[in-house]
Amino acid sequence: MKNLCLKSVYFLIIHFAVLACNSKKEKRILVTENPRKELIRHATGFSISVHSPALTIIKVNSPWPEAKAPFCYALIKKGYNLPQSFDSTKYDAVIRTPVQRVIATSTTHIAALEALSADSSLIGFPNTAYISSKRTRERVDKNLIKDLGKNESINTELALNLTPDVIFGFSINSQNNPYKTLQESKIPIVYNGDWVEETPLGKAEWIKFFAAFYQLPKRGDSIFNTIENNYKEAKKLALSAKEKPSVLSGALYKDVWYLPGGKSWAARFIEDANANYLWKNNDLSASLALSVESVIEKGLQADFWISPSQFTSYKELMDANQHYMRFKSYKKRKIYTFARTRGATGGLLYYELGPSRPDLVLKDLIHTFHPELLEDYEPFFFKPLE
């Protein structure tokens, strides 16, 4: 079906042109044989093609790891009529834009909507207790955002009653039965794969994906350009540091120590902050699962330790496992966590806002590893253990 995506685009363009010529009441759509590709510099999971002022095609290549086929979405500007012969089955969803009523399914979506000043369109979310943003929590408290249960078992009846223009879906694989039920009821499901991106700027660039649904491409570009420039300037500043400290990450869960793979999003932050992540040569983009013995062997003398799971104090670490006390970073009090930055209901702001603001994350880490470079900087996410 996806291979027909390009052909169906031109099919749609032709019919739009014919329709415009046949009716004076309908708006005429100027089309081009060579659609304009939106510039996507870092993200690999999606592309945007503008075929006319009223027709945009979004292709999502990686909604989840190892997805077998892309998803193709047609965005039709309101005020332009579809021809009767338009075959919507050739697209995974056809959405009228700008959207006004949306359901989101990941807290990272909320950060993007707020950045675009489009958060007033959010009417439903699975398990609203996970939302940390103060701004959106106020709307939850006013009952303007309905709790839809758990993402993997979303309340389809309530979702249908909300009559959303679109649901921004999140799924780890193709087995999401509630989404299938909603699709059968003609509710457009659009998969967002920002979490699959492996670079900080790649994740942040998905702001352009959301902007297309609100007819706000210039705003999306402007927001991302500012973040990108801030990130690059911070990275350049980090290179001026005189020393490159070694870094350990993660913590034990039961008997397994989980820490970022060498090609992961988290590892890239450490690299760009001009520090030496001790597992940087590992080729995994996902988490590593190691024994405490192997972590001690390599990381015992690490200068810094970041992201020690949910721990927020040295006492919590000590009470959890005596091995933690052996590390140099524990003895020197050089452990930093994002778990101390929480929303009103206990959710971690790092997971919600961090992917959209990699510039803030990078500055936090530069301040941690090279405090002399950002002396007056106030960390947003990463703070020392208590």
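- Ring geometry for Phe168 versus Phe210: interplanar angle over 60°, hence perpendicular rather than tilted (30 to 60°).
- The two residues Ala273 and Leu365 make their nearest non-hydrogen contact at CB-CB, 4.0 Å.
- Taking every heavy atom of both residues into account, Ala302 and Leu278 meet most closely at CB-CD1, 3.9 Å.
- Ring geometry for Tyr231 versus Phe269: interplanar angle of 30 to 60°, hence tilted.
- Looking only at distances, a side-chain donor or acceptor of Asp92 sits under 3.5 Å from a matching main-chain atom of Cys72.
- A perpendicular orientation is assigned to the rings of Phe338 and Tyr351, their planes being inclined by more than 60° (bins at 30° and 60°).
- Within 6.0 Å of the NZ atom in Lys383, the count of heavy atoms belonging to other residues, nucleotides or ligands exceeds 12.
- Checked by atom type and distance alone, the side chain of Arg137 pairs as donor or acceptor with a backbone atom of Ile131 at under 3.5 Å.
- The shortest side-chain heavy-atom distance between Thr341 and Leu348 does not fall under the 4.5 Å cut-off.
- Nearest approach of Ser249 to Tyr277, heavy atoms of both residues: CB-CE1, 4.1 Å.
- How far OH of Tyr80 is from CZ of Arg96: 11.0 Å, rounded to the nearest 0.5 Å.
- Across His109 and Gly169, no two heavy atoms sit closer than the pair CE1-O, 4.1 Å.
- The pair Glu66-Lys68 does not count as a salt bridge, with every side-chain nitrogen at least 4.0 angstrom from each carboxylate oxygen.
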Run Leu284 and Ser264 through side chain to side chain contact (heavy atoms under 4.5 Å, CB included) and show every step you take.
CA-CA 7 Å; Leu284 288 179; Ser264 67; over 6 Å; no
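- Judged by distance alone, with hydrogens and angles left aside, the side-chain atoms of Glu205 form a donor-acceptor pair with the main-chain N or O of Ala43 at under 3.5 Å.
- Not one N or O on the side chain of Arg101 forms a donor-acceptor pair closer than 3.5 Å with the backbone of Leu122.
- Linking Ile, Leu, Val, Met, Phe, Trp and Tyr whenever their side-chain heavy atoms come within less than 4.5 Å puts Ile40 and Ile58 in one cluster.
- Checked by atom type and distance alone, the side chain of His51 never pairs as donor or acceptor with a backbone atom of Arg36 at under 3.5 Å.
- Panel note: side chain Tyr214, backbone Val99; no donor-acceptor pair is recorded below 3.5 Å.
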Side chain to side chain contact (heavy atoms under 4.5 Å, CB included) assessment of Leu374 paired with Leu237:
CA-CA 9 Å; Leu374 291 171; Leu237 176 65; 3.7 Å; yes
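- Thr136 and Glu114 share a side-chain donor-acceptor pair at under 3.5 Å.
- The number of heavy-atom neighbours closer than 6.0 Å to OH of Tyr253, taken from other residues, nucleotides and ligands shown, is 12 or below.
- Under a cut-off of 6.0 angstrom, the local environment of OH in Tyr314 is crowded, with over 12 non-hydrogen atoms contributed by other residues, nucleotides or ligands.
- Once rounded to the nearest 0.5 Å, the distance linking CG of Leu317 with CD of Gln322 reads 11.0 Å.
- Counting heavy atoms from C-beta outward, Ile95 and Ile76 have side chains that stay 4.5 Å or more apart.
- Looking at Val196 and Pro65, their side chains come closer than 4.5 Å, going by heavy atoms from C-beta outward.
- Using a 4.5 Å cut-off between side-chain heavy atoms of Ile, Leu, Val, Met, Phe, Trp and Tyr, with links allowed through other members, Leu113 and Leu144 fall into different hydrophobic clusters.
- Lys236 and Glu233 are not joined by a salt bridge, as no carboxylate oxygen comes within less than 4.0 angstrom of a charged side-chain nitrogen.
- The minimum heavy-atom distance linking Ser132 with Leu349 is given by the pair CB-CD2, 3.5 Å.
- A side chain to side chain donor-acceptor pair (under 3.5 Å) with Asp303 is found for exactly one of Lys334, Lys328, Lys244, namely Lys328.
- Interatomic distance, Thr163 OG1 to Asp165 CG, rounded to the nearest 0.5 Å: 7.5 Å.
- Residues Ile189 and Lys180 have side chains not in contact (no heavy-atom distance under 4.5 Å, counting atoms from C-beta outward).
- Using a distance-only test at 3.5 Å, with no hydrogens or angles considered, a donor-acceptor pair links the side chain of Glu316 to the main chain of Thr312.
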Phe380/Leu353 under side chain to side chain contact (heavy atoms under 4.5 Å, CB included): CA gap, chis, key distance, verdict
CA-CA 11 Å; Phe380 189 89; Leu353 184 60; 3.8 Å; yes
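- No donor-acceptor contact under 3.5 angstrom links the side chains of Asn321 and Arg326, judged on distance only.
- When atom types are taken as modelled, the side chain of Thr128 and the backbone of Phe125 share no donor-acceptor pair closer than 3.5 angstrom.
- Side-chain polar atoms of Gln215 and Thr97 form a donor-acceptor pair below 3.5 angstrom.
- For the pair Arg340 and Glu386, the salt-bridge criterion is met [side-chain N within less than 4.0 Å of a carboxylate O].
- Note that CG of Leu385 is 8.5 Å distant from CH2 of Trp305, once rounded to the nearest 0.5 Å.
- Nearest approach of Gly45 to Glu197, heavy atoms of both residues: N-OE2, 2.7 Å.
- For the pair Thr105/Ile167, a side-chain contact is recorded, criterion being any heavy-atom separation below 4.5 Å from C-beta on.
- From His42, atom NE2 reaches atom NZ of Lys208 across 8.0 Å, with rounding to the nearest 0.5 Å.
- Taking the side chain as every heavy atom from C-beta outward, Asn282 and Lys263 never approach each other to under 4.5 Å.
- Note: Tyr73 and Phe71 have parallel aromatic rings, judged against thresholds of 30 and 60 degrees for the angle between ring planes.
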Ser121 vs Gln100, side chain to side chain contact (heavy atoms under 4.5 Å, CB included): CA-CA, chis, key distance, verdict:
CA-CA 5 Å; Ser121 67; Gln100 295 176 308; 5.6 Å; no
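- Placement of Phe304 and Met325 within a single hydrophobic cluster is found when ILVMFWY residues are connected by side-chain heavy-atom separations under 4.5 Å, directly or transitively.
- Leu300 and Trp257 fall within a single hydrophobic cluster, where Ile, Leu, Val, Met, Phe, Trp and Tyr side chains are chained together by heavy-atom contacts under 4.5 Å.
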Could you go step by step and tell me if Thr108 and Asp194 meet the side chain to side chain donor-acceptor pair (under 3.5 Å) rule?
CA-CA 8 Å; Thr108 61; Asp194 56 2; 3.1 Å; yes
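- Put simply, CZ on Arg357 and NZ on Lys363 are 8.0 Å apart, with the number rounded to the nearest 0.5 Å.
- Remark: Lys315 engages Asp319 in a salt bridge, criterion side-chain N to carboxylate O under 4.0 Å.
- Looking at Pro164 and Val102, their side chains never come closer than 4.5 Å, going by heavy atoms from C-beta outward.
- At least one donor-acceptor pair under 3.5 Å links the side chain of Tyr324 to the backbone N or O of Leu252.
- Seen from the ring of Trp195, Lys203 does not count as a face-on cation partner, given the 6.0 Å and 45° thresholds.
- For the pair Leu160 and Ile187, the minimum side-chain heavy-atom distance is below 4.5 Å.
- The existence of a salt bridge linking Arg268 and Glu198 is excluded, since no basic side-chain nitrogen approaches an acidic carboxylate oxygen closer than 4.0 Å.
- Between Glu228 and Lys232 there is a salt bridge, with a side-chain nitrogen of the basic residue lying less than 4.0 Å from a carboxylate oxygen of the acidic one.
- Not less than 6.0 angstrom separates the ring centroid of Trp64 from the ring centroid of Phe170.
- Between the side chain of Asp364 and the main chain of Phe381, a donor-acceptor pair closer than 3.5 Å is present.
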